[in-house]
> 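Before we start, here is the structure in question, set down as structure tokens.
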Amino acid sequence: MTNRKHLAVLTVLALVQLSVLFYMVCHWESVAVRGQVVKWIIKPVDPYDFMRGRYIHLDYEKPYGPWLDSKPGTSGDRVYVLLDEKSPLAQITGVTRQKPEHGLFVRANLGWMDEQGQVHVRLPFYRYYMPEDLAPAAEKAYRRTAKRQALAQLRIRDGYVVVEDILLDGVPIYTYLQNNIPQPPTSAPTEE
Amino acid sequence: MNKEQSWLADQLPVLVSKGIITEEIAAKLRNYYQLHPAEERSGWRTVFVMLGVLLLALGILLLLAHNWEQLKRTERMFVIGSGLIVAQIISAYVVGWRHESRFWREGAATFHFFMVGASIFLTGQTYHLTDSYDNFLLLWLMLSLPLVYILRSAMAAALIFIGVGIGSSFLSDGIVQLLIPLGATEFWSGQLLWFFILVLLPFWCQLAEQETCRRETHLLTVLLLGSAISTFAVSTVGQYDYLAPLRWMYFFSIFYFASVFLKRPIGSNWRRIFRVTGIGGALGISFLFTFRGFWEDLLRPLNYLFPPSELVITVLLGLVVLAGLVYWIRRQTAAQWMYTSLPAILSLAYAVHAFSHNSIIVMVGMNLWLLFVGIFWLQRGIRQDSLALLNVGLGVLIALISARFLVDDNLGFMIRGLVFIGMGAGFLLVNWLVARRRKGGQSE
């Protein structure tokens, strides 16, 4: 290929790369802005397992519900988890392989079925990324509130989910950390 | 290369361009004074440039990954998009104006590759996306693949081979997630993982044709084989079925046949790496089946069953090996035939085992055959004064003896006794043959 042809191919490639990035941003931005707000209780997991690197691991409470299809599913199948729209906190009303035409639902993967006939699902939105310097403070804050309520505030649109915020005691995590991070002693020199 | 040689190497193209000497004479001078082309001389500099670009790209990646909470989502995406656009502009500059320089091509491709990855993964971080990792990796490699050909970059090819090798299970999951809703089966969707290797194969062939870029050829050949092995493992291992070890044997044998039969690429470096991998893999699988436990495991109900798709793959690979064997018998010497006996013997053992369900017969058969192969190579090594053959032969024999003495504890004394008598007799035979040959040589 001559340089001119190489340049033409590179231009096409560059446009494809930018289009993919643009599509991803538009898609997830539409979920983050226009998605329905849902709050889901985060289970009090082992505090030492709470922060993994630079993200908070979100372990959702009761990630299971009744199986609505006639044929049984297999582990790993793409499923749609139906949520109760009227409930103030997220509650699963059913799990199905058929994509619902309306209502509140999220995409997930089938996990396993327990002895009570409830289908457990693997929810694909269990990370909340945070700056590395705030991670230890977030972990301490979570330990303090672990026995109280911690919520994940989600935006849901067409089954896609963006984690908008984490609420500790009803307060957004960044605000909570600003109010609760221990201040340096007054005698210490400060940089102005 | 000393100062005078460097000076002469730089002068030769000038003299040719001015018509003072012909290209033929220049080639003869290069050959006589052992002058390597400029590309090869600058090999280490290229490595350092690539290392520098790699560190730079990773540094930028870490800076972006810091997760700047002060920036709004749109501002973050602007920063990420800008990084990608800068990489694209650098690549365009190199394609248009610096295409002859390997430093620039490799550096630009490496930087561009990492900026594509950074833009995808940091978008995921911005929106707290979790389970899209499989699709992200797939997207990254797909969007970077053309860089290998546009910028003629061995580094980009190496990075994609590494991505396929390490992330084959993620990539396979990503492809399966995309194709299952369209009605494809998991097994055949997984086979699409070969796409990356097939697309990069012509580039590797081009590189292997050139004897000058030896470092890149070595590196890419090792990475090609590594990613092929990883892809084969992920794309065929649905479960450990009856035919799985046979498939692996055929797979490794194909490497060996490729090193022998393929006329192109003409370079010789890749052949050695293919041959070593093929023989090593085939010997490893054969060795496993000198253990009775492996044969008995195959008879367990779960392992005895196999899905039809995996039977198809095994038969296809078997046919390729069979074609190679037929070609081999007609064209090659008996000594070389020994290498390729391994898949044939294991296939025969499988056939006997499938009909008789007798693990002891096939286990003893595999032991005796490997013993024969080991002695044969040892004897050839001594006769031809080839240390490589001698060591391979000795390695096979030592592995067999160690396994029977140290590992097997479920074999009866009778069988162990017979195997050891066979081994002892083999050693004595080799010694006797060598002694007779030397005696004959002295008397002459």
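Each chain gets a letter, A, B and so on, in the order its sequence line appears, and its residues count up from 1. No hydrogens, no waters, no symmetry mates; every other heavy atom, side chains included, goes into these values.
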> Which atom pair, heavy atoms only, marks the closest approach of B/I150 to A/H6?
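Closest pair (atom of B/I150, atom of A/H6, distance): O-CD2, 3.2 Å.
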> Between A/M24 and B/F136, is there a side-chain heavy-atom distance shorter than 4.5 Å?
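Heavy-atom side-chain distance check passes, below 4.5 Å.
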> Please classify the contact of A/V20 with chain B as side chain, backbone, both or neither, using a heavy-atom distance under 4.5 Å.
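For A/V20, the contact with chain B is made by the side chain alone.
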> Heavy-atom distances under 4.5 Å only: say whether B/S91 touches chain A with side chain, backbone, both or neither.
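Both the backbone and the side chain of B/S91 come within 4.5 Å of chain A.
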> With a 4.5 Å cut-off on side-chain heavy atoms, are A/T11 and B/Q88 touching?
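The answer is no, as the side chains (C-beta and beyond) never meet within the 4.5 Å cut-off.
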> Chain B heavy atoms under 4.5 Å from A/E164: which part of the residue, side chain, backbone, both or neither?
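Looking at A/E164, nothing touches chain B.
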> Work out which heavy atom in A/L13 is nearest to a heavy atom in B/P146; give both atom names and the distance.
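Taking A/L13 first and B/P146 second, the nearest heavy atoms are CD1-CG, 3.5 Å.
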> Does the side chain of A/Q17 reach to within under 4.5 Å of the side chain of B/H112, using non-hydrogen atoms?
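Heavy-atom side-chain distance check passes, below 4.5 Å.
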> For B/F78, does the CZ atom have more than 12 heavy-atom neighbours from other residues, nucleotides or ligands under 6.0 Å away?
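Not more than 12 within 6.0 Å, no.
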> Could you list the donor-acceptor pairs under 3.5 angstrom formed between side-chain atoms of residues 98-105 of chain A and any protein atom two or more places apart in sequence or on another chain?
residue	atom	partner	partner atom	Å
A/K99	NZ	A/D158	OD1	3.2

> With heavy-atom distances below 4.5 Å as the criterion, would you say the side chains of A/L21 and B/I120 are in contact?
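Counting from C-beta outward, A/L21 and B/I120 never come under 4.5 Å.
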> Within the structure provided, determine whether A/V9 and B/Y149 are in side-chain contact (heavy-atom separation under 4.5 Å).
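No, every pair of side-chain atoms sits at 4.5 Å or beyond.
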> Any chance you could measure B/Y93, atom OH, to A/L10, atom CG, to the nearest 0.5 Å?
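Here the rounded value is 14.5 Å.
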> Check B/Y127 against A/V162 and note the closest heavy-atom contact, atom names and distance.
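Looks like O-CG1, 3.9 Å.
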> Looking at CG of B/L122 and OH of A/Y129, how far apart are the two atoms once the value is rounded to the nearest 0.5 Å?
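So the gap between those two atoms works out to 10.0 Å.
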> Mind checking which of residues 89-97 of chain A sit less than 4.5 Å from chain B, heavy atom to heavy atom?
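Residues of residues 89-97 of chain A touching chain B at under 4.5 Å: none.
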> Just wondering, more than 12 heavy atoms not from B/M142 lying within 6.0 Å of its CE?
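Not more than 12 within 6.0 Å, no.
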